[in-house]
Q: 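Dropping the structure in here first, questions after.
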Amino acid sequence: MRFSPTGTNLGFPRIGRHRELKTALEQHWSGTLDEAGLRAAAAGLRHRHWALQKEAGIGLVPCNDFSFYDHVLDTACAMGAIPPGYGWRPGEAVSLDTYFALARGGRGTATPACCPGHDHGGMSGAGVPALEMTKWFDTNYHYLVPVFARGQEFAPTGFPAVDAFREARDAGFEARPVLLGPVSFLLLGKMAEGAGDPLDLLPGLLPAYAETLRRLEREGARQVQVDEPCLVLDLPDAARAAYATAYAGLAAAAPSLSLLVATYFGGLRDNLDTALRLPVSGLHLDLVRAPEQLAPALKGAPARMALSLGVVDGRNIWRSDLSHALALLRQATAARRPEAVLVAPSCSLLHVPVDLETETSLDPELRGWMSFARQKLEEVAILARGLYEGPGVIAAAIAESDSRQAQRRASARLHDPRVAARLAAGTAADARRASAFPARQAAQHARLGLPRFPTTTIGSFPQTAEIRAARAALKRRASTVEEYDAFIAARTEAAVRWQEEAGLDMLVHGEFERNDMVEHFAEFLDGYAFTRNGWVQSYGSRCVKPPVIYGDVSRPGPMTVRWSAFAQSLTARPVKGMLTGPVTMMQWAFVRDDIPAATVRRQIAYALRDEVADLEAAGIAAVQIDEPAIREGLPLRHADRDAYLRDAVECFRITASAVRDETQIHTHMCYSEFNDIIESIAAMDADVISIETARSRMELLAAFAAFDYPNEIGPGVWDIHSPRVPSTEEMRRLLDIAAQRIPADRLWVNPDCGLKTRQWEEVRPAIANMVAAAQALRATAA
Ligand code: GLN
Ligand code: ZN
């Protein structure tokens with residue numbers, strides 16, 4: 001691999017430091033920015049980002065890492081893997097309209113997400129549906145799942161990597177094009193109707209990749225980064241064989257190109273040999289997630305293979321410990337020529353915000369501990385100088401880094417002795433309810449006196465324009481806290497009255513006071529901080545701004561008791577308290593890296609436990625602890641899953657178990673794959689679980705029935721991701737299916753998820769129909 005004595009980068013955030021891409025995309029979709037305008041805005045961002053990277057000290061900047069929506073979709077489009085129905089014909093270029101129809105569906109409006117990490121990509125209204133969207137490995141980025149036909153043919157519809165390389169060169173930047181590798185591309189996709197194995201399509205796909213590489217070679221590219229993140233997953237032998245075949249073919253196609261195969265988000269483990277045997281010039285390893293793979297890689301890598309070492313964390317916002325990173329790098333150069341060692345971030349910087357410079361109002365001490373994409377590249381560049389020119393050259397930077405690390409470690413703000421003492425005093429009993437479920441169920445039924453098939457909702461009611469306006473006014477101090485509180489009280493009271501009239505059995509307060517199910521709680525907890533511009537792309541134009549957990553988490557005082565108790569004071573029916581659980585609170589944040597993640601989760605669990613106890617003391621008879629993120633926290637490797645699940649379940653139980661038998665603990669999850677985690681879901685031992693089943697027409701209830709799920713369960717009967725109001729008969733049919741699988745004394749009736757993204761015009765009739773369906777079931781069921 002041709003050597004440039006500078007740092008390298010694997011990819012840069014596309015969205016822009018002020019989310020310029022979001023603005024341009026949304027203007028384009030709403031018809032106020034034409035295609036030329038959108039393309040110009042995108043080019044502007046790319047040029048600025050190249051300049052910024054070069055200025056940070058990156059010699060060879062990545063190109064083709066930009067995307068209007070998603071790079072997996074870009075790959076599918078470039079390779080001609082476009083399912084029928086989107087107005088594209090083989091041989092044609094893919095228009096932007098087709099591209100966005102694949103991403104968002106045709107003509108309808110995309111469904112808003114119901115919570116930060118939980119996006120459905122569903123379509124409402126008429127038109128072709130969008131491709132399915134799913135999480136990109138264990139990140140909060142979502143990609144569009146390519147769909148392959150049986151016997152799918154591939155033919156390049158264009159050469160975006162070549163265009164990007166040329167664009168960069170014309171603008172004066174030497175660039176390394178990034179491609180999503182062929183094996184990962186196939187593994188990330190799925191066959192239409194599940195027929196066949198995508199890997200069988202490899203022979204047909206390789207010529208399209210080979211042609212792309214030949215054209216890049218002809219254009220003058222010297223290195224190409226080929227991302228193969230699937231190499232960090234558990235792979236069948238067939239996939240390992242596919243890697244060998246694929247790269248033998250690609251290396252032969254463009255012999256003068258240096259191919260760098262990039263892996264990230266974990267260690268290669270049992271795939272390391274496969275990777276080291278690929279006939280390529282370089283291999284990128286994530287040494288932040290898996291530092292232990294350096295030694296075997298150094299031992300096994302052939303001399304011709306450069307190792308690109310990801311030593312700067314591309315997934316988190318903390319400043320690097322330069323001494324530690326340099327030590328790793330020098331371990332590599334002790335064994336290999338310096339030209340065979342490249343310095344890089346652990347993965348694409350897509351997963352961190354753009355520039356810490358924009359955080360002008362962040363607490364200076366905390367800010368001093370952080371680094372966003374731009375600062376991370378400066379770290380990479382410094383490390384590269386230290387490695388290639390000698391540590392003496394970067395002595396000042398090392399000294400500064402050391403002192404910052406020491407300052408952070410010693411900061412009184414990180415460690416709260418009371419939190420440590422609380423965890424140390426914890427016992428196994430903290431994670432156990434006083435009695436087993438049958439005794440609790442009897443006590444709860446006696447206390448609550450609910451009818452069979454009780455009706456309830458998942459927590460939130462529509463977040464109307466009026467509510468958002470009231471919150472915005474408070475934020476810019478155009479209204480007082482008293483005025484805002486009075487407004488929230490009025491909305492809550494109206495919601496309670498309406499729920500009583502609608503005939504719901506267990507009420508909620510409506511969550512009108514909450515901006516977001518994580519940030520709202522984080523604002524009440526010690527140990528959390530918030531950025532102003534720390535946006536990361538979740539999918540398309542949608543971004544999230546995760547809170548930052550920097551120190552020990554504790555709860556200075558009650559967080560939700562006020563509104564729950566207020567709502568309960570208005571009605572004789574039970575009002576469910578509503579919390580976000582410890583696993584989700586952590587999953588959707590940037591988490592400190594100086595103590596184990598499991599410790600952070602436990603701290604949150606104890607803080608929330610006190611909230612549950614306070615709700616109980618305030619007379620709340622049921623508390624729902626939402627854990628929509630339990631499944632997405634699953635480690636990428638099966639071998640690591642049990643430990644994670646055990647700990648996640650225990651943390652949930654710590655939160656849930658401080659209460660008396662007659663206090664009913666609910667949980668809620670919204671996704672549709674329970675089969676592989678059903679045991680853990682049962683082990684959470686919530687008295688009631690509500691899940692999303694309406695969209696799958698109760699299919700996923702099968703997992704619960706087959707497992708003989710022991711506690712109560714509310715399978716959703718209304719797909720709340722669509723504005724369509726289901727009829728009583730439709731919900732009744734779903735309930736009949738559910739009633740065949742779940743015993744009558746354990747079946748609840750509720751929507752799939754919270755209703756914050758819906759309109760009252762939909763909520764009122766849908767809930768009326770849902771209540772009617774439950775009443776009809778009561779009337780007929782024996
Ligand atoms: N209680 C939350 C709500 O109703 C739950 C959201 C979720 O888990 N996705 O909005
Ligand atoms: Zn939900």
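Since we're looking at a predicted model, the values are computed, not measured. Note that ligands are numbered from 1 as they come in the structure, with each ligand's atoms numbered from 1 the same way.
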Q: To 10 degrees, how wide is the angle NE2 (H668) to the Zn ion (ligand 2) to SG (C753)?
A: 120°
Q: Could you see which bit of M669 sits under 4.0 Å from ligand 1, with heavy atoms only: side chain, backbone, both or neither?
A: neither
Q: Are the charged groups of D685 and R432 less than 4.0 angstrom apart, N to O?
A: no
Q: If you draw the axis of the six-membered ring of F524, does the NZ or CZ of R555 fall within 45° of it and under 6.0 Å from the ring centre?
A: no
Q: Is it true that K545 and D516 have a side-chain N and a carboxylate O under 4.0 angstrom from each other?
A: no
Q: Short question: side chain of T663, backbone of E616 - any donor-acceptor pair under 3.5 Å?
A: no
Q: Do the side chains of R562 and D614 get close enough for a salt bridge, i.e. N-O under 4.0 angstrom?
A: no
Q: Between R573 and D505, is the closest basic N to carboxylate O distance under 4.0 Å?
A: no
Q: Against heavy atoms of C670, which atoms of ligand 1 measure under 4.0 Å?
A: 7 (C), 8 (O), 9 (N)
Q: Under 4.0 Å from a heavy atom of G754: give me the atoms of ligand 1 that qualify, with their elements.
A: 3 (C), 4 (O), 10 (O)
Q: Against heavy atoms of P628, which atoms of ligand 1 measure under 4.0 Å?
A: 8 (O)
Q: Under 4.0 Å from a heavy atom of M578: which atoms of ligand 1 are those, numbered in the order shown and with their elements?
A: 1 (N)
Q: Can you list the ligand 1 atoms lying under 4.0 Å from a non-hydrogen atom of G459?
A: 4 (O)
Q: Report the part of S460 in contact with ligand 1, treating N, CA, C, O as backbone and CB onward as side chain, heavy atoms under 4.0 Å; options are side chain, backbone, both, neither.
A: both
Q: Taking atom types as modelled, is there a side-chain donor on D687 or Q664 under 3.5 Å from an acceptor on the other?
A: no
Q: Only heavy atoms of C753, strictly under 4.0 Å: list the atoms of ligand 1 that pass.
A: 7 (C), 9 (N)
